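As structure tokens, the structure follows; a few thoughts come after it.
Letters A, B, ... mirror the listed sequences (proteins, then strands); counts begin at 1. Quick caveat: nothing in here was measured; it's all calculated off a predicted structure.
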Amino acid sequence: MPELPEVETIARKLEPELIGKTILDADLRWPRTLAMPSVKIFKQQIKGQKIREVTRRAKFFILHLSDFSLLIHLRMSGDLLIRNSTIRPEKHDRLILRLLSAPSSAQTAAEDGGLSSLVFNDTRKFGRVWLTSTPEEVLGRLGPEPLSREFTAQWLYNALGKRHRQLKPLLLDQTFLAGLGNIYTDEALHIAKLHPLVLSDSVTVEQARDLREAVRKVLKEGIRRNGASIDWVYRGGEFQNHFRVYDRAGKSCPVCSTEIKRIIVGQRSTHYCPKCQADAEVTHG
DNA sequence: CACGTCACCTGCGTGC
DNA sequence: TGCACGCAGGTGACGT
């Protein structure tokens with residue numbers, strides 16, 4: 001499920017439910033969900049930690065605790081939700097953190113007995129969790145945030161020129177730019193009118209500027225629509241109702257009505273409009 | 001460094 | 001119905 005807008009949506013939604021709560025204990029129902037440290041150390045260290053802040057970096061959800069950072073990556077099918085502690089675990093729950101409300105929030109405590117849980121549910125078991133006091137070790141190699149000030153047209157133009165890769169796989173590379181996934185990459189390339197197979201070092205200054213604007217536009221739109229929900233994973237968003245090309249092979253381009261094509265690039269489904277995103281280098285090269 | 005392949009997992013839709 | 005197959009929003013570890 002989650003690309004940047006989905007993780008951002010979840011973080012914003014959970015923040016008010018989590019801030020100030022104390023983690024009582026952890027129920028690790030699928031141990032391999034834990035990337036580090038060991039199960040034993042994890043259960044010791046997480047106990048009694050207070051949640052100070054809830055943020056996001058790339059596709060990582062970050063809980064800033066008293067003494068550690070808890071990093072959660074949802075990968076393909078992960079989801080995070082708050083549940084009343086009295087409700088029994090569900091089939092694909094991988095990690096459940098029992099939370100205690102802060103003494104000051106007496107109203108909340110009165111409603112739910114003071115006990116709620118943060119549940120990491122992940123059907124396909126690809127998701128991972130890290131508890132660490134040095135989060136840079138996990139996040140350090142990520143590229144810039146597309147919605148940050150450092151992601152300028154000039155930076156993008158320079159960075160594209162240093163590489164010799166097709167745009168689609170390069171934009172999916174989290175060490176190049178952080179947060180894009182298969183949906184938003186296809187959507188951004190369509191908005192920018194760039195073919196997914198265009199080589200990065202052939203992109204002009206103007207095209208780099210358009211691509212930068214397109215990436216930011218589509219990510220903001222995704223966030224504004226609370227992300228995209230497809231199939232059984234992650235309910236709540238509505239961006240899936242506004243896809244221009246993603247998952248629309250055979251349907252018509254919203255700009256020019258040409259039939260949208262689907263190809264495989266780097267083992268990933270790739271959708272584009274052959275007219276809007278025609279490129280001489282690719283089609284005749 | 002680029003790029004191909006497989007691996008990690010479960011579940012859903014399709015076609016026979 | 002059953003069954004095989006292809007597909008899925010991600011990444012990491014290989015080998016060439």
Side-chain angles (χ1 to χ4, degrees), chain A residues 1-11 29-36 56-61 71-80 90-95 120-130 137-143 146 159-189 196-202 215 218-219 221-223 225-250 262-271:
Chain A
M1 150 200 127
E3 302 179 36
L4 187 157
E6 288 75 31
V7 180
E8 179 73 20
T9 299
I10 293 170
R29 308 178 66 78
W30 179 255
R32 287 168 64 189
T33 293
L34 187 62
M36 72 172 285
R56 173 196 62 74
R57 169 76 169 108
K59 302 172 191 172
F60 288 84
F61 179 88
L71 311 179
I72 303 176
H73 199 303
L74 279 46
R75 295 282 172 90
M76 291 288 266
S77 60
D79 197 6
L80 287 169
E90 290 181 9
K91 187 176 180 184
H92 303 302
D93 290 349
R94 306 305 179 195
L95 173 64
F120 178 38
N121 183 281
D122 181 25
T123 303
R124 292 176 69 181
K125 299 178 175 173
F126 291 162
R128 288 294 179 270
V129 170
W130 295 254
E137 287 176 13
V138 181
L139 307 174
R141 297 189 62 245
L142 290 168
L160 290 170
K162 287 179 197 163
R163 310 294 290 272
H164 185 70
R165 291 188 72 184
Q166 294 170 334
L167 288 180
K168 172 77 189 256
L170 183 56
L171 290 172
L172 286 174
D173 183 343
Q174 301 296 296
T175 68
F176 180 78
L177 184 64
L180 289 178
N182 213 31
I183 293 177
Y184 293 91
T185 299
D186 282 4
E187 296 293 306
L189 287 171
L197 298 182
V198 164
L199 291 172
S200 59
D201 56 358
S202 74
V215 165
V218 78
L219 291 176
E221 183 186 357
I223 291 170
R225 299 190 187 282
N226 297 310
S229 319
I230 301 178
D231 298 334
W232 75 100
V233 185
Y234 179 66
R235 319 278 176 182
E238 57 146 350
F239 185 56
Q240 70 279 6
N241 300 321
H242 303 271
F243 290 160
R244 296 156 177 84
V245 288
Y246 182 82
D247 201 25
R248 297 193 66 244
R262 173 181 179 272
I263 57 175
I264 301 296
V265 183
Q267 338 238 125
R268 309 300 302 278
S269 266
T270 298
H271 316 76

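- In this structure, the CG atom of A:Asp247 is 17 Å from the P atom of B:dC12, given to the nearest Å.
- Consecutive Watson-Crick or G-U pairs involving DNA chain C, each under 3.5 Å on both distances, make up stems of three or more pairs at B:2-8 with C:10-16, B:10-16 with C:2-8.
- Between the C1' atom of C:dA8 and the CZ atom of A:Phe126 lies a distance of 10 Å, rounded to the nearest Å.
- Distance check on atom P: C:dC5 versus B:dC6 gives 16 Å, rounded to whole Å.
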Nucleotide N/O of nucleotides 11-13 of chain C paired with protein N/O under 3.5 Å:
residue, atom, partner, partner atom, Å
C:dT11, OP1, A:His73, NE2, 2.9
C:dT11, OP2, A:Lys59, NZ, 2.8

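- Whole-Å rounding puts the A:Leu74 CG to C:dG9 C1' distance at 11 Å.
- Taking the P atom of each, B:dG11 and C:dG12 are spaced 24 Å apart, rounded to whole Å.
- Nearest nucleotide to the A:Lys125 side chain, out of B:dC9, C:dA8, B:dG11: B:dC9.
- One atom, CZ of A:Arg32, and another, P of C:dG10, lie 21 Å apart when rounded to the nearest Å.
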Listing time: all N or O pairs from protein to nucleotides 1-5 of chain B that are below 3.5 Å?
residue, atom, partner, partner atom, Å
B:dA2, OP1, A:Arg163, NE, 3.0
B:dA2, OP2, A:Arg163, NH2, 2.8
B:dC3, OP2, A:Arg165, NE, 3.4

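- Scanning all heavy atoms of the two residues, the minimum distance from A:Gln174 to A:Ala58 falls at OE1-CB, 4.4 Å.
- Under the 4.0 Å criterion applied to side-chain N and carboxylate O atoms, A:Asp247 and A:Arg262 are not assigned as salt-bridge partners.
- With 3.5 Å as the limit, one finds a donor-acceptor pair spanning the side chains of A:Lys168 and A:Asn182.
- The heavy-atom pair separating A:Arg128 from A:Lys125 by the smallest distance is NH1-O, 3.1 Å.
- Using a 4.5 Å cut-off on side-chain heavy atoms (C-beta onward), A:Leu4 and A:Ile223 make contact.
- For A:Ser77, no side-chain nitrogen or oxygen approaches OP1 or OP2 of C:dG9 to under 4.0 Å.
- Contact check for A:Trp30 versus A:Asp93: no side-chain heavy atoms found under the 4.5 Å cut-off.
- Backbone-only contact: A:Tyr246 has heavy atoms under 4.0 Å from sugar-phosphate atoms and none from a base.
- Using a 4.0 Å heavy-atom criterion, one finds that A:Arg262 contacts the sugar-phosphate atoms exclusively.
- Nucleotide B:dT10 holds its C1' atom 16 Å from the CG atom of A:Asp79, rounded to whole Å.
- Of the listed nucleotides (B:dG11, B:dT10, C:dG9), B:dG11 has the atom at the smallest distance from the side chain of A:Lys91.
- Residues passing the salt bridge (charged side-chain N to carboxylate O under 4.0 Å, His left out) test with A:Arg165, sequence neighbours excluded: A:Asp173.
- When the P atom of C:dG9 is taken as reference, atom CG of A:Leu171 falls 16 Å away, rounded to whole Å.
- The side chain of A:His92 sits closest to B:dG11 out of B:dC9, C:dG9, B:dG11.
- The same atom, P, is picked in C:dG6 and in B:dT5; the two are 15 Å apart, to the nearest Å.
- The structure places CG of A:Leu167 at 10.0 Å from OG1 of A:Thr185, a figure rounded to the nearest 0.5 Å.
- Between A:His271 atom NE2 and C:dG9 atom C1' there is a gap of 11 Å when expressed in whole angstrom units.
- Here the side chains of A:Val129 and A:Arg94 are not in contact, with every heavy-atom distance at 4.5 Å or above.
- In this structure, CD1 of A:Ile264 is placed 12 Å from P of C:dG6, rounded to the nearest angstrom.
- Considering only residues two or more places apart in sequence or on other chains, A:His92 meets the ring pair (Phe, Tyr, Trp, His ring centres under 6.0 Å) condition with none of them.
- Summarising the local packing, NE2 of A:His164 is surrounded by 12 or fewer heavy atoms from other residues, nucleotides or ligands at distances under 6.0 Å.
- For the ring pair (Phe, Tyr, Trp, His ring centres under 6.0 Å) test, residues two or more places apart in sequence or in another chain that qualify with A:Tyr184 are A:Phe239.
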